[in-house]
Each structure stands twice: as C-alpha cells, then as structure tokens.
Amino acid sequence: MSIPHIASEPVTIRGMRVVEHRFSVPLDHSWPDSEQITVFAREYSDPEISGTEDLPWLLYLQGGPGGKGNRLLQFGGWTKAASRRFRILMLDQRGTGLSTPANRQTLAARGDAASQAEYLAHFRADSIVRDAELIRTALGSGPWSIYGQSYGGFCALTYLSFAPEGLKEVLITGGLAPLTGPADRVYQATFARVAARNKEYFAKYPGDRELTTRIARHLEEVPEFLPDGERLTVRRFQMAGSFLGGNTRMDGLHHLLEEAFIPTPSGDRLSDTFLTAVWQLANRSTNPLYALMHESIYGQGEATNWAAWRVLSAYPQFRPDAPEPLYTGEMVYPWYFEEDPGLRPLQETAQLLAAKSDWPDLYDTDQLARSTVPAAAAVYTDDIYVDRGLSLETAAAVNGLRVWESADFHHDGIADDGEAIFNRLLGMVRSGES
C-alpha cells in the first residue's frame, strides 16, 4: 500500500542535514480506507559524509507512551555514533509532536468519552509498527535498522512479532517488555525496585529524608499552589521520584529539595522555584497519552483496571500519609485525572480505557521464538521502570536476542553514555558477540 508523503527541502543545522517528512496513514490499519491521520518524522544525517543519501535508515522509537521524537540541535551521544553509519529517522509516534495530536483539546472533537476511548485504542504499539512499515515503504527502504529506547523497545518487540520482514537489525535499551501476563506483575516488581532506589537515594543524601517528610506534612497543613492554580498535594509531590530513574537525574532531586522552603512574613513556605519545578514534573498536559495509555501497553486480552493503584495497597510506604513517605516511579493512578487540569476533561475516557478487556495481543511469542532478525538489548540491573527479571525472561523468549546487562547505568543510560552504549549494541548484532 502506498501512502501520501511530503518531504521538505533539506536545511542545515549545526552540522546536520535535516529533512521533515509527513505521511498520511490510516487511523485503523485493519480498514485502510478509513479516516487518515498524519505521522511526522524528522530525518537527520551528516552532510560531511560522502553519499549521505545512500546511507541506510535507522528508525528511532522514542520512550513513552506519548513521547515525541527528540528535537536535535546537534549530534551528540548515540546520535553522533549513529550518524556515521545511518540516516536517522526520528519518529513522532501517532498522537505526539507534529503528528495528528491527541490531547484534551483535540479529543473533545471526537465526541463523548466512549468515542474518545475507541479512537485511542488505535494508538498502541501495533498501530505504531504498522505506521512504520508504511513509512519504510514510502521512503523506498529495504529492511531497516531500528533502535528502541524504553517504550520504544516494547514497540521493537511488536515489530519483531508482526513485521519482521521489515527489519535488518534491532537495538533496544531499557525496553524489554513482559510478553505475557497481567500488568499487576509489572508493578509488583517495579514498586520493590523504586523502594530500593529511595533507600539508595536517602543513603546518599540522608538530610533529604527528614526534608521530604517535612514537605509532605507541610502540604497537609498549609495550602500551597502550583503555577496553574491547583493545590499541590502530597501525592503529586511524590511524583518527583521521576528523578530516581537515572544516574544523570538522581542528583537533580537533591537540587530540587534544597530550594524547597523560603522564609516569608507568615513563616516558612514552599518557594516559587520549587513549586514551578514540581509543577513541570507533575503536569501531563503536554503528553496526556502517557497517562491515558500507560497501562494499556501491558494489556493483552484483559483489562488492566488501574493495576498500579491496586498493587500499591501492598506497599504502604508509598502512601502520602505514611510516616516517611517514599517517592513514586512511573506509575499512573486514577487520581491523576482528578488533580491535573490537563487530564481532568479526560477522566471518563481514562476509566473506559482501564476497563477495556478486549485489547489485542501486542506480541507473537511463536514468531519471537523463531526470530532470525539480529537483535541486541541493554538491560540495566537496577532499572526502576523496566524490571531486570522480567526483561531477562523476555530476552530468553526471543530467538537470538543478545543481552548486555549493566549495573553502571539506569533507565536513562543513553543520556549518560549513549555513544558507547549504541556502539556496543551495534557491534553485538553485527559480530554476533555479547
């Protein structure tokens, strides 16, 4: 199937040749003549390399769900390494970035909550992969290389399951999804890892244990308001635990906390600097698909039914009223849609997605077991978002998948030393060595 494709004239930005691509794809791939949506991608290549336009493609699948492709200002890290061998295609997965957007503003045009949920059912990895295959063909590429980070790795496994003929080789970092089972076991594993990461953090910054509790108790007693006018609750403050997901970010939590309180005529209050930073962490208005679709990425044949919220009951140390509350990880809870004004109009839609029980399979375990596509994955031992044990279970189920496990990095490894990680994985798929 050929699809409409518009490419811009190339421009040069700080040593990068950049071309913008827009593709029209079916909303519902099982019905090619259905409503069409736009998928945007930006091509990056090095104009200093002879024969740039003849270089093979590398499709980058961003983390998320709901994450748009990286906006590069210059090559660096893994993109520096990749640009020596590839033309990089940075995809805005459907619903994100410059692709046809899906947020509170646009979803209102779809009609009621049931219509919105039906629409969003087409925004999972299976649809993203089918988009990618149409794009590959439109670009005139043979089987191409793909690189999936975090949720992008989940998409790569879906690609290996349903369109392996489109793949030359697969690289994955921090993104080996569980292939079977309910979403509950994901959170049973990751809550334990987040608790351990909290312990590690407070061992490094022991003064922040008392400060964290002080902030929580203060928020219970004194109204503090975010820049959007919403009152900051303890549980939204706990979302600052997103800092704990990486080596390069963990110390940022300490820097946030050190500016928490400021003296005022009415006593100590939370500073505008602190409140603005927390609001930026806790606000989902710019990527609502993360909250809406997050648990659906584990849904196969059954409802996820707010799995993280249910599993939380076994981990009372994460409760906001715990004596010493811990920071939370990437989990999504139903109260997000009560307290975040960017999500509040989508509350009923989120409930319908959580209750949806007929999600199709995202992986073909038989196909993965006989895969012949060279693939390599980095598994981070202490990753709080994608559990090591579940990752290794998946790796064992994919024929020929080579694993490099490292305790030197966390989920943001490619931000830490992306060039070395990319080169190592590419060497593994091309040499056949771990």
Side-chain angles (χ1 to χ4, degrees), residues 150 178 182-221 224 226 230-246 249-254 256-257 260 270 274 277-284 290-291 294-295 297-298 304-340 343 350 354 380-390 410-412:
S150 188
D184 298 48
R185 69 186 190 127
V186 172
Y187 299 109
Q188 288 161 357
T190 53
F191 269 121
R193 290 203 179 274
V194 177
R197 186 65 164 162
N198 272 265
K199 182 177 181 180
E200 180 183 352
Y201 175 77
F202 290 127
K204 183 173 184 179
Y205 294 109
D208 287 358
R209 175 62 278 172
E210 180 181 352
L211 180 55
T212 296
T213 304
R214 180 188 172 197
I215 293 169
R217 301 292 86 89
H218 173 85
L219 288 171
E220 291 172 343
E221 298 171 2
E224 296 279 10
L226 298 168
E230 297 291 323
R231 183 172 178 175
L232 176 59
T233 60
V234 178
R235 54 193 184 182
R236 286 192 86 184
F237 161 58
Q238 289 172 278
M239 292 170 67
S242 61
F243 276 113
L244 300 179
R249 300 191 71 232
M250 187 174 82
D251 300 309
L253 177 56
H254 176 66
L256 171 70
L257 297 179
L270 294 179
F274 175 83
V278 172
W279 174 73
Q280 291 171 336
L281 289 168
N283 173 31
R284 294 292 181 193
Y290 181 89
H294 185 78
E295 288 198 355
I297 69 178
Y298 303 111
T304 58
N305 195 25
W306 300 113
W309 184 238
R310 290 184 289 99
V311 173
L312 177 64
S313 63
Y315 295 88
Q317 64 269 46
F318 288 100
R319 290 180 53 88
D321 59 355
E324 293 187 318
L326 300 184
Y327 292 100
T328 54
E330 66 167 359
M331 298 77 170
V332 172
Y333 309 115
W335 58 259
Y336 277 22
F337 295 85
E338 300 169 7
E339 297 192 11
D340 187 334
L343 297 177
Y380 305 127
T381 303
D382 300 309
D383 195 329
I384 67 171
Y385 296 151
V386 181
D387 178 70
R388 169 192 180 272
L390 295 178
H410 282 261
H411 194 69
D412 67 344

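Each residue takes its place number in the sequence, starting with 1.
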Original post:
Counting distance only, does the side-chain N/O of Glu220 pair as donor-acceptor with the main-chain N or O of Val234 below 3.5 Å?
Top reply: no
Original post:
If you take all heavy atoms of Tyr290 and Val332, which pair is closest and at what distance?
Top reply: CE2-CG2, 3.9 Å
Original post:
Can you tell if the side chain of Tyr298 reaches within under 4.5 Å of the side chain of Asp184, non-hydrogen atoms only?
Top reply: no
Original post:
Closest approach of Phe202 and Arg209, non-hydrogen atoms and distance?
Top reply: CE1-NH1, 3.3 Å
Original post:
What is the distance from atom NE2 of His218 to atom CG of Leu270, rounded to the nearest 0.5 Å?
Top reply: 4.0 Å
Subject >> Atom CZ of Arg185 with >12 non-hydrogen neighbours under 6.0 angstrom >> reply: yes
**OP:** Please work out which of the three classes, parallel, tilted or perpendicular, describes the rings of Tyr327 and Tyr201, given edges at 30° and 60°.
**Re:** perpendicular
Original post:
How long is the gap from CE on Met250 to NZ on Lys204, to the nearest 0.5 Å?
Top reply: 4.5 Å
Original post:
Got a second to check how far Arg193's CZ is from Thr381's OG1, nearest 0.5 Å?
Top reply: 8.0 Å
Subject >> side chain to side chain contact (heavy atoms under 4.5 Å, CB included) evaluation trace for His411 with Ile384 >> reply: CA-CA 7 Å; His411 194 69; Ile384 67 171; 5.9 Å; no
Original post:
Hey, what do you get for CZ (Arg231) to CG (Leu226), rounding to the nearest 0.5 Å?
Top reply: 11.0 Å
Subject >> Interatomic distance, Tyr187 atom OH to Trp306 atom CH2 [nearest 0.5 angstrom] >> reply: 10.0 Å
Original post:
With distance as the sole test, does Arg310 use its side chain to make a donor-acceptor pair with the main-chain N or O of Asn305 at under 3.5 Å?
Top reply: yes
Original post:
Are more than 12 heavy atoms from other residues, nucleotides or ligands located less than 6.0 Å from atom CD of Glu200?
Top reply: yes
Original post:
Ala277 and Leu256: which non-hydrogen atoms are nearest, and at how many Å?
Top reply: CB-CD1, 3.4 Å
Original post:
Any side-chain heavy atom of Arg236 within less than 4.5 Å of one from Pro320?
Top reply: no
**OP:** Quick one: do Val186 and Asp387 satisfy side chain to side chain contact (heavy atoms under 4.5 Å, CB included)? Show the steps, please.
**Re:** CA-CA 7 Å; Val186 172; Asp387 178 70; over 6 Å; no
Original post:
With side chains defined as the heavy atoms from C-beta onward, is the minimum distance between Met331 and Thr190 less than 4.5 Å?
Top reply: yes
Original post:
Going by heavy atoms in the side chains, are Leu253 and Tyr205 under 4.5 Å from each other?
Top reply: no
Subject >> Point-to-point distance, once rounded to the nearest 0.5 Å, from CD of Gln238 to CZ of Phe318 >> reply: 9.0 Å
Original post:
Any side-chain heavy atom of Glu224 within less than 4.5 Å of one from Thr233?
Top reply: no
Original post:
Side chains of Leu281 and Met239: does their closest heavy-atom pair fall under 4.5 Å?
Top reply: no
Original post:
Does the Arg197 side chain pair with the main chain of Leu244, one donor and one acceptor, at a distance under 3.5 Å?
Top reply: yes
Original post:
Taking the side chain from Gln317 and the backbone from Leu326, do they hold a donor-acceptor pair closer than 3.5 Å?
Top reply: no
Original post:
Does the side chain of Trp309 reach to within under 4.5 Å of the side chain of Tyr336, using non-hydrogen atoms?
Top reply: no
**OP:** May I ask you to test the Val194-Tyr385 pair for a side-chain heavy-atom distance under 4.5 Å?
**Re:** no
Subject >> Minimum heavy-atom distance between Ala307 and Ala183, given as atom pair plus value >> reply: CB-CB, 3.8 Å
Original post:
Given Glu339 and Glu230, is the side chain to side chain contact (heavy atoms under 4.5 Å, CB included) satisfied, shown in steps?
Top reply: CA-CA 8 Å; Glu339 297 192 11; Glu230 297 291 323; 5.8 Å; no
